[in-house]
Novice: 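Right, I'll just put the structure down here and ask away after.
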Amino acid sequence: MATLIAPSMLSADFGRLDQEIEMVNNSAADWIHLDIMDGVFVPNISYGFPVISAMAKRAKKPLDAHLMIVDPDRYTTRFRDIGVEYLSVHYEACTHLHRSVQLIKSTGMKAGVAINPHTPVHNLYEILPEVDFVLVMSVNPGFGGQSFIENSLKKIAKLKKIIADLGLSTLIQVDGGVSIENAPSLIKNGADILVAGNSVFGAKDPLKAISDLKII
Ligand code: DX5
Ligand code: ZN
């Protein structure tokens with residue numbers, strides 16, 4: 001499968017969000033990554049439903065919402081109603097993760113589980129058959145523009161092997177510090193979806209940054 005590219009709108013210029021979404025619409029990107037932060041699960045607050053809704057109206061690519069919030073079940077249906085297609089919740093934020101995943105799937109969205117850098121991939125063993133994708137955080141969640149944590153490569157390789165051993169087709173998404181420099185090794189180790197914030201929106205030519213990632 002060709003690697004999927006999901007630019008993260010967290011690094012976009014919020015003063016010209018329309019044009020930023022339009023740029024992604026016209027790019028080689030596959031998904032649009034939306035980072036939702038509550039100031040509780042992570043030490044930062046991003047944007048909420050009015051902003052997501054404005055982006056959703058203009059977006060022509062599938063929306064992929066990454067919930068860095070406690071108690072995500074409270075909002076699952078609202079994300080579906082607003083037009084989100086891929087929804088991920090954090091392993092560390094869900095006491096009843098199986099229930100949270102079932103709830104996402106019951107709405108018709110694809111379900112993802114995100115893991116922080118300290119969470120071992122083998123903790124996902126029992127939930128893997130239920131999920132469509134795993135989001136491996138390669139920075140501590142909360143901010144764009146951080147440095148990639150090298151150990152994430154080993155985690156991705158280990159997770160890829162577990163998925164293959166179980167005979168599953170679960171996709172692996174990697175998020176945090178992804179760049180044109182580390183993308184080849186991420187793909188080699190098993191990443192299927194690359195989220196990129198700063199390396200896209202901080203580039204002189206974001207359209208080219210996206211297509212460069214896409215053609216690796
Ligand atoms: C961090 C977010 C990421 C972030 C990635 O908590 O989950 O999606 O926007 O940004 P970069 O690519 O700049 O690390
Ligand atoms: Zn994210």
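Read the numbers this way: they start at 1 and go in the same order the structure lists the ligands and their atoms.
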Novice: Could you tell me whether the side chains of Ser100 and Asp73 share a donor-acceptor contact shorter than 3.5 Å?
Specialist: yes
Novice: For atom 12 (O) of ligand 1, what's the nearest protein heavy atom and its distance?
Specialist: Gly197 N, 2.8 Å
Novice: Check Glu85 with Arg80, please: is the shortest side-chain N to carboxylate O separation under 4.0 Å?
Specialist: no
Novice: With atoms numbered from 1 as shown, which atoms in ligand 1 lie under 4.0 angstrom from a non-hydrogen atom of Gly176?
Specialist: 14 (O)
Novice: Which heavy-atom pair separates Ala209 from Ala203 by the least distance, and what is that distance?
Specialist: CB-CB, 3.8 Å
Novice: Quick one: which ligand 1 atoms are inside 4.0 Å of a heavy atom on Met68?
Specialist: 6 (O), 7 (O)
Novice: Does only the side chain of Pro141 get under 4.0 Å from ligand 1, or the backbone, or both, or neither? Count heavy atoms.
Specialist: both
Novice: Please report the closest heavy-atom contact between Ala59 and Ile32, naming both atoms and the distance.
Specialist: CB-CD1, 3.7 Å
Novice: I need the atoms of ligand 1 closer than 4.0 Å to a non-hydrogen atom of Leu10, numbered in the order shown.
Specialist: 9 (O)
Novice: Within ligand 1, which atoms have a heavy atom of His66 less than 4.0 Å away?
Specialist: 7 (O)
Novice: In terms of residue, atom name and distance, what is the protein heavy atom nearest to atom 9 (O) of ligand 1?
Specialist: Ser8 OG, 2.8 Å
Novice: Side chains of Asp132 and Thr170 only: does a donor on one sit below 3.5 Å from an acceptor on the other?
Specialist: no
Novice: Look at the rings of His90 and Phe41 and say which category their plane angle falls in: under 30° parallel, 30 to 60° tilted, over 60° perpendicular.
Specialist: tilted
Novice: Quick test: of every protein heavy atom, which one is nearest to atom 1 (C) of ligand 1, and how far off is it to 0.1 Å?
Specialist: Phe143 O, 3.4 Å
Novice: I need the nearest protein heavy-atom contact for atom 2 (C) of ligand 1: residue, atom name and distance, please.
Specialist: Asp35 OD1, 3.3 Å
Novice: Below 4.0 angstrom from a heavy atom of Gly145, which ligand 1 atoms are there? Numbered from 1 as shown, please.
Specialist: 11 (P), 13 (O), 14 (O)
Novice: Name all residues meeting the salt bridge (charged side-chain N to carboxylate O under 4.0 Å, His left out) criterion together with Asp192; count only those two or more places apart in sequence or in a different chain, and write none if there are none.
Specialist: Lys160
Novice: Check whether any N or O atom of Asn198, backbone or side chain, sits under 3.5 Å from an N or O atom of ligand 1, and answer yes or no.
Specialist: yes
Novice: Classify the ring geometry of Tyr86 against Phe133: parallel below 30°, tilted from 30° to 60°, perpendicular beyond 60°.
Specialist: perpendicular
Novice: Please list, in number order, the atoms of ligand 1 under 4.0 Å from a heavy atom of His33.
Specialist: 8 (O)
Novice: Give me the residue, atom name and distance of the protein heavy atom closest to atom 14 (O) of ligand 1.
Specialist: Gly177 N, 2.8 Å
Novice: Among all protein heavy atoms, pick out the one at the shortest distance from atom 5 (C) of ligand 1; state its residue, atom name and that distance to 0.1 Å.
Specialist: Asp175 OD1, 3.5 Å
Novice: Assess, by modelled atom type and distance only, whether the side chains of Asp64 and Gln173 contain a donor and an acceptor separated by less than 3.5 Å.
Specialist: yes
Novice: What heavy-atom pair brings Met23 and Leu207 nearest, and what distance separates the two atoms?
Specialist: O-CD2, 3.6 Å
Novice: When you group the ILVMFWY residues by side-chain heavy-atom contacts below 4.5 Å and let the links chain together, are Met9 and Leu4 in the same group?
Specialist: no
Novice: Got the closest protein heavy atom to atom 10 (O) of ligand 1, with its distance?
Specialist: Gly144 CA, 3.6 Å
Novice: How far is atom 6 (O) of ligand 1 from its nearest protein heavy atom, and which residue and atom is that?
Specialist: Gly142 N, 2.7 Å
Novice: Starting from the Zn ion (ligand 2), count all protein N, O or S atoms within a radius below 2.8 Å.
Specialist: 4
Novice: Which heavy atom in Ile36 sits nearest to a heavy atom in Ser46, and how many Å separate them?
Specialist: CA-OG, 3.5 Å
Novice: Tell me whether the rings of Tyr47 and Phe14 are parallel (<30°), tilted (30 to 60°) or perpendicular (>60°).
Specialist: perpendicular
Novice: In this structure, would Leu128 and Met109 fall into the same cluster of hydrophobic residues linked by side-chain contacts under 4.5 Å?
Specialist: yes
